[in-house]
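Since the structure comes first, as structure tokens, the remarks are kept for the end.
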Amino acid sequence: MRKKIVAGNWKMNKTLDEALALTSEVVNMIQDEVRGDVEVVLCTPALYLTTLKKYVENAPKIALGAQNCHEKASGAYTGEISAPMLKAAGIPYVIIGHSERRQYFAESNAQLAAKVDSALENGLTPIFCCGESLEQRQNEDYVNVVKTQLTESLFHLSADQLASVVIAYEPIWAIGTGLTASSEQAQEMHAALRAHLSSKYGSEVADGISILYGGSVGAGNAAELFACPDVDGGLVGGASLKSRDFTDIVKARQ
Ligand code: 13P
């Protein structure tokens, strides 16, 4: 049985006071309304994670995640945070390779491979993001583009290591645009990625990997996306900033 996961990626949003208010609302709503077996991950700005820990420590379904980490353990990398720091702070998840990091911070597949290694060495669960641009989608080569992202950043891992990775497929053209992939488009890519994992690691390993969909997931489209057999949950941007919308998305996955 694959883990069902709904992760919120807050990106660079919310002041501290707003973050505390949103987290307490989400914690209360999830505790009151969600009975099913779903893991909720709040990927907030790193600055707030240690403060938010006490808000989620009595909420067994809810965990915290960072939105990025550096590939090195420590050193002269002004402004960065490392996987050992997240581990020491008790933060279990980290998003790696979000398209905004790839686009605005020029993160390469090779660098992301090193980040995945550092996360795994420190016992963190990487939420590894992949996805094609609009231009790539229109070139009809989009499946190979995303398969290559997996090959170059994950295929050096052992099967045991891969089993600790969560994958998030986020077509760039669907992020923040209100343009969601249709459930057919999501299922096509998720199945192709699972087959790709299977070709290297075998079907037993591939069948155990949670693959989340991200890109304009909202309360109105979550149930249809989550009904796809290879869509195991969601990575939610804008809608994770509203407690009602986010909780409704979690309820659609339980
Ligand atoms: P939106 O849900 O705002 O489209 O963002 C998706 C995303 O990038 C999550 O990581």
Side-chain angles (χ1 to χ4, degrees), residues 5-31 39-107 111-112 114-129 165-166 168 170 175-176 212 214 217 233-247 249-250:
I5 299 170
V6 175
N9 175 10
W10 291 11
K11 309 190 181 182
M12 193 174 71
N13 290 295
K14 302 290 180 189
T15 63
L16 177 59
D17 283 352
E18 291 165 350
L20 299 178
L22 174 59
T23 304
S24 20
E25 284 170 26
V26 168
V27 165
N28 289 335
M29 287 183 180
I30 301 277
Q31 277 180 328
E39 173 117 348
V40 177
V41 186
L42 305 179
C43 299
T44 78
L47 179 63
Y48 308 147
L49 288 168
T50 50
T51 306
L52 292 177
K53 248 180 84 176
K54 57 181 168 300
Y55 283 64
V56 305
E57 67 196 2
N58 295 318
K61 288 187 197 311
I62 306 181
L64 293 174
Q67 298 172 10
N68 176 38
C69 70
H70 198 271
E71 61 270 32
K72 294 276 175 25
S74 63
Y77 300 99
T78 301
E80 294 290 314
I81 58 167
S82 71
M85 292 175 188
L86 293 171
K87 178 191 184 184
I91 305 304
Y93 284 88
V94 58
I95 296 174
I96 291 186
H98 191 280
S99 61
E100 288 148 18
R101 301 286 323 170
R102 293 173 186 262
Q103 183 180 350
Y104 303 133
F105 301 90
E107 294 188 352
Q111 185 183 9
L112 297 174
K115 290 186 180 217
V116 168
D117 287 345
S118 187
L120 290 173
E121 277 162 23
N122 288 285
L124 308 179
T125 301
I127 302 176
F128 177 79
C129 298
V165 176
V166 172
E170 299 202 304
I175 295 178
L212 316 182
V217 176
L235 180 55
V236 184
S240 73
L241 301 174
K242 295 184 185 134
S243 53
R244 181 71 271 155
D245 287 1
F246 186 64
T247 305
I249 294 168
V250 174

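- In this structure, the separation between CG on D245 and OG on S240 is 10.0 Å, given to the nearest 0.5 Å.
- We find the CG-SG distance between L49 and C43 to be 8.5 Å, quoted to the nearest 0.5 Å.
- The two atoms that bring V41 and L64 nearest to each other are CG1-C, 4.1 Å, heavy atoms only.
- With contacts defined as side-chain heavy-atom distances shorter than 4.5 Å, the pair R102/L112 qualifies.
- Residue C129 holds its SG atom at 7.5 Å from CD1 of I175, rounded to the nearest 0.5 Å.
- Within the structure, every pair that satisfies the salt bridge (Lys or Arg N to Asp or Glu O under 4.0 Å) test and touches residues 114-127, not counting sequence neighbours, is listed here: E107-K115.
- When all heavy atoms are compared, the tightest approach of C69 to I96 is SG-CD1, 4.4 Å.
- Residues E39 and Y93 form a side-chain contact, since some pair of their non-hydrogen atoms from C-beta on lies under 4.5 Å apart.
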Kindly list each side-chain donor-acceptor pair under 3.5 angstrom involving residues 52-60, sequence neighbours excluded, with atom names and distances?
unit_1, atom_1, unit_2, atom_2, d
K53, NZ, A89, O, 3.1

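- To the nearest 0.5 Å, the span separating CG on L212 from CD1 on I127 amounts to 6.5 Å.
- Results of the side chain to side chain contact (heavy atoms under 4.5 Å, CB included) test with P126 over V165, I95, V166 single out V165 as the only residue that passes.
- Of all heavy-atom pairs spanning K14 and Y48, the tightest one is O-OH, 2.7 Å.
- Under the 4.5 Å side-chain criterion, counting only non-hydrogen atoms from C-beta, P45 is not in contact with M12.
- Every residue two or more places apart in sequence or in another chain was checked for a salt bridge (charged side-chain N to carboxylate O under 4.0 Å, His left out) with K61, and none qualifies.
- Pairing each heavy atom of S243 with each of T247, the nearest pair is O-OG1, 2.7 Å.
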Practice item. For side chain to side chain contact (heavy atoms under 4.5 Å, CB included), just list the numbers for N68 and E80, CA-CA rounded to whole Å, side-chain angles, deciding distance to a tenth of an Å, and then say yes or no. Key: CA-CA 9 Å; N68 176 38; E80 294 290 314; 4.1 Å; yes
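- Counting only heavy atoms from C-beta outward, the side chains of Q111 and E71 approach each other to under 4.5 Å.
- The CG atom of L22 sits 11.0 Å away from the NZ atom of K242 when rounded to the nearest 0.5 Å.
- For the atom pair CG of L86 and CD1 of I81, the computed distance is 4.5 Å after rounding to the nearest 0.5 Å.
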**Study point:** Derivation and outcome, side chain to side chain contact (heavy atoms under 4.5 Å, CB included), residues I62 and T23
**Key:** CA-CA 10 Å; I62 306 181; T23 304; over 6 Å; no
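- The shortest side-chain heavy-atom distance between P84 and N122 falls under the 4.5 Å cut-off.
- Two residues are said to be in side-chain contact when any heavy atoms from C-beta on lie closer than 4.5 Å; L42 and F246 meet this criterion.
- For the pair Y77 and H70, the tightest heavy-atom approach, listed with the atom from each and the gap, is CD2-NE2, 3.6 Å.
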